[in-house]
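Here the structure comes first, spelled out in structure tokens, and everything after it is commentary.
Everything numeric here is computed off the predicted structure, so don't read it as measured data.
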Amino acid sequence: MASVNLGSKAVGSVVKLNENGSPVEFYVAKHDYESVLNGAGRTLLVRKGGYAKGQWKSKVGENVVNTYNNSFVDSCLNGTYKNMLDDDIQLAMGTTRFYFTPGNGNDSLSTLERSIFLLSATELSHVHANLNIEGTNLSIASTLKICHMNGAAVAQWTRSPLKGNTGCVFVANTKGNFTYIQSSQTDYCYRSAFTLPANLSVNDDGTITTNTAPAVPSSITVPAQINGGSTVTISWGTATDGENNLEGYKVERSTDGGSTWAQIYQGGGTSTANIVPFGTQSVMYRVKAYDAEGLESAYRTSGQVAVTNNTAPTVPGGITVPEAVQGGQPLTVSWGASSDGENNLAGYSLERQVGGGDWAVVYSGDQLSFADAIVKGWLSVAYRVRAFDTANAYSGFAVSETRQVNNNTPPAISCQYPANTDLGTRSEGFELIYSVTDQEGDEVTITELVDGGTLRTFAAQLGKEERFTLGGLDFMGLLNGRHTLSISASDGASAAVHSLSFTKRVTAASVTLEQSMEADGPIAVCVLAVSGSIPADADFKVEVSNSANDETPVWEDCTAAVRAGMNHVFENETAANGFAFNFRLEVERGSSGLGGYITSVQGGFQ
């Protein structure tokens with residue numbers, strides 16, 4: 001229900017007030033009525049029809065006189081009639097000061113203060129030599145000087161006495177002409193007049209109410225950037241209401257620059273969510289307050305916001321979190337890429353949840369992974385990631401499994417070389433010195449590995465110096481090239497790994513028997529077969545001895561026989577310490593740089 005202030009109603013228009021609960025029409029007769037006497041802001045209302053017929057008279061002793069402030073009509077209007085009006089109207093009415101003539105021989109112009117009064121003959125545009133000028137001619141006097149009751153014109157009393165006379169009062173007859181008659185006459189009607197504050201409200205149907213419309217909401221807030229297809233939040237400041245009967249707010253939206261509006265919300269809140277359809281070019285909002293009696297404030301209107309019709313990126317292609325999460329250690333989270341219909345993908349927002357609590361952003365950027373710091377003491381972690389574009393449109397979330405956090409402290413490995421050290425080129429076996437400790441004092445198992453293969457596993461003695469030995473056949477079995485050594489220490493709940501690297505480079509080999517083979521008699525002939533791969537340009541030499549136990553053994557070259565696969569006949573026939581057999585093989589890369597290997601040396605003698 002809309003309303004306007006009484007002070008804005010046109011003079012001559014009709015408003016309504018209840019008399020004994022039933023609406024009665026009144027003319028708006030004048031704004032700022034007698035402002036010299038009453039100040040500004042009082043509007044004069046005059047009953048459209050007569051109220052009742054009756055005597056005007058006043059008495060002094062037994063004489064009927066024309067004293068208005070002691071008249072029957074004055075008493076009736078401010079008693080019986082006033083009580084017919086609604087209580088709130090009576091309270092708002094207060095009293096009004098107006099010009100009048102005291103009467104009964106006192107013809108001076110004076111003022112009187114009443115709630116309800118009759119109009120003067122002057123206000124109804126009558127001029128007479130024996131009539132004081134009581135106020136000013138009303139602009140709708142031609143309408144007001146003719147009065148009707150029950151569908152017929154009737155004569156009406158004024159408040160103006162005839163000067164120089166003690167008993168006559170001016171009246172307007174059924175044609176609006178004026179005369180004066182004795183105040184004791186009964187066939188003339190009372191027509192009530194009074195003022196009301198100009199700020200009272202007039203509803204659409206003309207009813208005056210002392211309820212005032214709420215003030216305009218103090219503000220309205222709309223996002224500066226809006227994407228088509230997204231949900232936005234509109235909020236507004238509260239409105240005040242003079243009668244404290246504020247009921248709520250109505251919010252409307254326009255998508256054509258304010259030409260047309262559609263309501264999107266009504267209620268007692270101070271914010272609402274609204275979906276802006278994809279394809280909308282612009283949007284603006286406005287809000288007004290309303291009270292319990294349906295009076296509404298003016299609108300508070302937002303600026304016009306251009307809508308960006310941008311589609312959000314797709315959900316990232318999965319999120320990966322390692323199953324083992326160690327408290328106090330870094331954890332790398334990775335996710336699949338998103339796509340974007342407008343090719344304006346800007347990046348990803350990664351959020352973390354600790355112990356089932358709230359989500360918090362831990363990374364925003366264009367990478368597809370993030371190394372997070374896991375705080376020791378957390379019970380569990382989960383992650384979710386979404387993509388966003390340059391228009392701040394966000395995809396849905398890809399959500400990880402929840403991982404339990406292992407808060408056990410892994411064993412610590414102390415080595416003579418820092419982790420990931422390159423030990424350089426090695427041509428022969430070597431060893432590493434290290435030790436293992438554990439903060440909780442748990443039992444620890446150590447595993448030594450070469451290129452991921454286990455070399456040795458054993459129970460650690462915490463703090464004891466250990467030696468990782470890579471030699472003999474273990475070293476020989478490695479091909480030339482880069483290799484990794486790892487020391488793994490596990491307490492059953494967590495493990496630590498200390499890795500090093502080296503490059504094996506062996507260009508020559510020498511093979512012999514660690515202990516000579518003794519014979520019961522002379523050794524006259526032998527045969528040897530060398531298996532493997534020996535490049536053609538390699539320096540290859542094989543020697544044999546049948547006096548290998550002597551202080552200075554006799555060595556004979558049998559390289560050609562080995563290459564040919566033939567027997568070698570010994571030239572030496574003596575052995576001071578008895579006949580004994582041994583061989584020695586030496587091979588070194590040739591100019592081609594090609595490598596080879598020896599898998600076995602086999603043979604016999606007699």
Under the side chain to side chain donor-acceptor pair (under 3.5 Å) test, residues paired with Asn392 that sit two or more places apart: Gln225

- prompt: What ring-ring contact (aromatic ring centres under 6.0 Å, His included) pairs are there with at least one residue in residues 471-494, not counting sequence neighbours?
  reply: His483-Phe502

field: Over 12 non-hydrogen atoms of neighbours within 6.0 angstrom of CD in Glu465
entry: yes

- prompt: With sequence neighbours excluded, what pairs up with Glu243 under the side chain to side chain donor-acceptor pair (under 3.5 Å) test?
  reply: Thr212

field: Donor + acceptor pair across side chains of Ser486, Ser499 (<3.5 Å)
entry: yes

- prompt: Between Lys541 and Glu543, is there a salt bridge with N-O shorter than 4.0 Å?
  reply: yes

query: Is a salt bridge present between Glu351 and Arg384, judged by a nitrogen-to-oxygen distance below 4.0 Å?
result: yes

task: Using distance alone, with no hydrogens and no angle criterion, decide if Glu556 and Asn572 have a side-chain donor and acceptor under 3.5 Å apart.
output: no

field: Shortest non-hydrogen contact between Ala393 and Ala312, atoms and distance
entry: CB-CA, 3.8 Å

message: Please enumerate all residues that pass side chain to side chain donor-acceptor pair (under 3.5 Å) together with Arg482, with sequence neighbours excluded.
response: Asp422, Ser501

Taking distance alone, no hydrogens or angles, what donor-acceptor pairs closer than 3.5 Å link side-chain atoms of residues 528-537 to residues at least two apart or in another chain?
unit_1: Ser531; atom_1: OG; unit_2: Ser600; atom_2: OG; d: 3.4
unit_1: Asp537; atom_1: OD1; unit_2: Ser592; atom_2: OG; d: 3.1
unit_1: Asp537; atom_1: OD2; unit_2: Ser591; atom_2: N; d: 3.3
unit_1: Asp537; atom_1: OD2; unit_2: Ser592; atom_2: N; d: 2.8
unit_1: Asp537; atom_1: OD2; unit_2: Ser592; atom_2: OG; d: 2.7

Which donor-acceptor pairs under 3.5 Å do side chains of residues 487-494 form with protein atoms, sequence neighbours excluded?
unit_1: Ser490; atom_1: OG; unit_2: Gly492; atom_2: N; d: 3.2
unit_1: Asp491; atom_1: OD1; unit_2: Asn408; atom_2: ND2; d: 3.2
unit_1: Asp491; atom_1: OD1; unit_2: Ala493; atom_2: N; d: 3.0
unit_1: Asp491; atom_1: OD1; unit_2: Ser494; atom_2: N; d: 2.8
unit_1: Asp491; atom_1: OD2; unit_2: Asn408; atom_2: ND2; d: 2.6
unit_1: Ser494; atom_1: OG; unit_2: Gln326; atom_2: OE1; d: 2.8
unit_1: Ser494; atom_1: OG; unit_2: Asn406; atom_2: ND2; d: 2.7
unit_1: Ser494; atom_1: OG; unit_2: Asn408; atom_2: O; d: 3.4
unit_1: Ser494; atom_1: OG; unit_2: Asn408; atom_2: ND2; d: 3.1

field: ring pair (Phe, Tyr, Trp, His ring centres under 6.0 Å) evaluation trace for Trp359 with Phe397
entry: CA-CA 12 Å; Trp359 294 93; Phe397 284 101; 7.2 Å; no

query: Between Ser254 and Asp256, does any side-chain donor sit less than 3.5 Å from a side-chain acceptor?
result: yes

